Amino acid sequence: MRFMLLLAILLVSCKEKAHTALPGNVAEVSVTAKGFEPPRIDAAPGQPITLRITRKVAETCADAVDVEGDPVRHMLPLDVPVDIKVKAPPSGQLAFACPMKMVNGAIVVVGH
Ligand SMILES: [Cu+2]
């Protein structure tokens, strides 16, 4: 399980696209057929962030999202924005994923 998580984090880290600025600390994320878009959100250390996730496709296993360190599974109804308040870690990243951990995303801490 740990290995899978590490693998997922590595896969996410390797994607260089879709760095997102965070006006108002709201990060808009869509669930599309490709997964979380963008899959990676850049953040400052300890930055409070509202993840606003909207599922845009009916056919996806990402009809819910688990955030690392958060015991609550957040359901994602179709076309309804769901706000999840999180805090960026001091360094590294905060991963989020569908319940089966097949669709992955992360808040990645950059800069100091
Ligand atoms: Cu899944």
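Numbering of residues begins at 1 and proceeds along the displayed sequence. Just so you know, ligand 1 is whichever comes first in the structure, and atom 1 is the first atom listed for that ligand. As the structure is a prediction and not an experimental result, all values here were calculated from the model.
Remark: Lys85 pairs with Thr50 by the side-chain contact (heavy atoms from CB on, under 4.5 Å) rule, at least two apart or across chains. In this view, Asp79 satisfies the salt bridge (charged side-chain N to carboxylate O under 4.0 Å, His left out) rule with no residue, not counting sequence neighbours.
Residues Lys87 and Gly46 approach most closely at CE-O, 3.3 Å, considering heavy atoms.
Protein N/O/S atoms found under 2.8 Å from the Cu ion (ligand 1), listed by chain and residue number: Cys61 SG, Cys98 SG.
The ring pair (Phe, Tyr, Trp, His ring centres under 6.0 Å) contacts involving residues 78-110 comprise Phe36-Phe96, where partners must be two or more places apart or lie in separate chains.
At a threshold of 4.5 Å between non-hydrogen side-chain atoms, the residues Val67 and Ile84 count as touching. Arg55 has its side chain within reach of Asp63: a pair of non-hydrogen atoms, C-beta onward, lies under 4.5 Å apart.
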